[in-house]
Protein chains: 2
Amino acid sequence: MAHPPDSDLLRSFLAIAEAGSVTAAAERLGRTQSAVSMQIARLEENLGQQLFDRLPRGVALTARGAQLLPYARRVTGLIEEAATALRSRPLDGPVRIGIPQDYSETVLPGILSAFSRRYPAVEVTVRLDYSVPQLKAMAAGELDLAVVFEWKPAGTKGEILCVEPTVWVTSDRHAQHLQTPLPIAVYFSSDWCQANMIASLDRHGIPYRVAFECDTVGGFFAAVRSGLAVVALSRSTIPDGCRELTLAEGFPAVDSSSVMLHRSSRGTSPAVDALAEAIRVAFRPGAFTEVEG
Amino acid sequence: MAHPPDSDLLRSFLAIAEAGSVTAAAERLGRTQSAVSMQIARLEENLGQQLFDRLPRGVALTARGAQLLPYARRVTGLIEEAATALRSRPLDGPVRIGIPQDYSETVLPGILSAFSRRYPAVEVTVRLDYSVPQLKAMAAGELDLAVVFEWKPAGTKGEILCVEPTVWVTSDRHAQHLQTPLPIAVYFSSDWCQANMIASLDRHGIPYRVAFECDTVGGFFAAVRSGLAVVALSRSTIPDGCRELTLAEGFPAVDSSSVMLHRSSRGTSPAVDALAEAIRVAFRPGAFTEVEG
DNA sequence: CTTAATGCATCAGAAAAACGAATAGAATTT
DNA sequence: AAATTCTATTCGTTTTTCTGATGCATTAAG
């Protein structure tokens, strides 16, 4: 049994797969074409499998090569992450962040796990709450950063992380969205339901009934997962096992909200800056959230 | 900015960290002590950080070294996994597996994701159901493999995957287990609740009331997560946000069940064998379930 | 049909890296 | 004080890997 292949070979493999050509990959890697060609030959021999089909113009992945691709991506990504984490100056100190409950199961775990791996000495405190009390807490000096939804586009200062529509969500396994009247879930204590959700249904002449009332997003998730009701959620917070209802099915977007990042006015620290940057990256469109143990 | 470090260096780093000594690691790696010593010096220079404290007797990880350790483990593990996946003969064909709902959120995702990465051409069909209909389906030729709970220790043939106690489970965030009478959840259509759960409570003189009835394990999860009831679950199926109730809190184990693997008598295939092996590994005690995207 | 161009594989020499054996140094044990 | 244990270092030597040049196959153009 041969030794396991080297990460350098995987890096070259990845470059070739992405460039579609040995020559182009070589340029990108700062090596000669012959060097890269030999590397890939070595890798293929090590694994005992042909990874590329040689075409007249460039190369193309074989089935086995496609199987290796995700591994190569993850390995090189991990090594890079490890290197930047280790090379960067260690930060420490407390950081207090407020974020909507909606993200507690989707983006938040990704942010926290990556951040705490990179800066293990930073003590992150998370506060899950709605926008208004979140900003109040920040004004009271209890938070360094706050991620909040805002429906009025301008108004406050703060940085726009992304703009997301609020959409109707149903379960993969149930068909609650086909019922008439439409069973919906609402919050006890938010007038946003009245103002936007119900207004949107009224506007489109969709009859509904309140089938579920609660005061936590967790309740919304449970309601939609169990097939009890249709719920309105920001697109990126749709939980597993559920899907967005499209316009073709007769469900318009409820509204469009901005996800905003607010920073405390009482000074900052390197740790706060770093977490703010991590949040920015996590919300950047196209950032696939990858949660790892 | 220096190049990212090489996986070979990480492998040596890992060996040293685990052996606690350069000399011992060198032996394990089949290299000389001087070679490994130079490798680690290169890695430290590459990262610009001291990774080990040199002790009179061996070496010990520094804080930065400890930070690198999980990366090194994952990188070497991934490369090894990639190599075995790529080197092994590709399998294909259908495999039909039956498994209790209980595992649909814990061990099952781990089994399926690892297996499908390794054998992407195998089409796995999963059937979630209780033991009796599962075995019926297998007898009818609808399943190749079935994982089932068995309470009578002997009786049938089949392979024991592990033996697990059924324990009472409560929520981290609620305190339903302190209520009197104890709120419990039961299945509609299983006499196991009567025979074991309730018998166990009676035996210990614990007063209870049925607070939740359903017919799916998903319902049990929802009941315990929301603080509605205490439920009895196999230890390895305890969902996030919940914890086992201990004897010290007055809750005895309900019973002990064997997790069994049954195979169809109508022949087998390499793909079935491979999945059976993957299941065996996943249930092997100490196998930490690692789910990845 | 010939000629140029593109792109991968291969070869030989050069450069770099890794290795093994021996040695030095530090700290501990006997 | 001597022996032991373990790491760092040094120095030839071997092995690996890279470069630059060349060969070969296929496509595009003249």
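Owing to the predicted nature of the structure, the values given are computational and were not obtained by experimental measurement. Labels below follow one simple rule: chain letters A, B, ... track the order of the sequence lines, proteins then strands, and each chain is numbered from 1.
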Would you say the side-chain atoms of B/Gln39 and B/Ser12 include a donor-acceptor pair closer than 3.5 Å? yes
Using a strict 4.0 Å threshold on nitrogen-to-oxygen distance, state whether A/Arg243 and A/Glu249 make a salt bridge. yes
Atom CD1 in A/Ile111, atom CD1 in A/Ile99: separation rounded to 0.5 Å? 5.0 Å
Between B/Arg280 and B/Glu159, does at least one N-O distance fall below 4.0 Å, as a salt bridge requires? yes
State, without any angle test, whether A/Thr23 and A/Gln33 hold a side-chain donor-acceptor pair at a distance under 3.5 Å. no
How does protein contact run along nucleotides 5-18 of chain D, one letter per nucleotide 5' to 3', with B for base contact, S for sugar-phosphate only, - for none, heavy atoms under 4.0 Å? SSBBB-------SB
For a 4.0 angstrom threshold against heavy atoms of chain B, report the outermost contacting nucleotides of DNA chain C in 5' to 3' order. C/dA18 to C/dT28
Does the pair B/Arg11 and B/Asp6 meet the rule for a salt bridge (charged side-chain N to carboxylate O under 4.0 Å, His left out), with working shown? CA-CA 9 Å; B/Arg11 206 186 318 282; B/Asp6 204 79; over 6 Å; no
Using the side-chain contact (heavy atoms from CB on, under 4.5 Å) rule, take B/Leu10 and B/Leu68 through it: C-alpha gap first, then chi angles, then the decisive distance, then the call. CA-CA 9 Å; B/Leu10 292 182; B/Leu68 181 60; 4.2 Å; yes
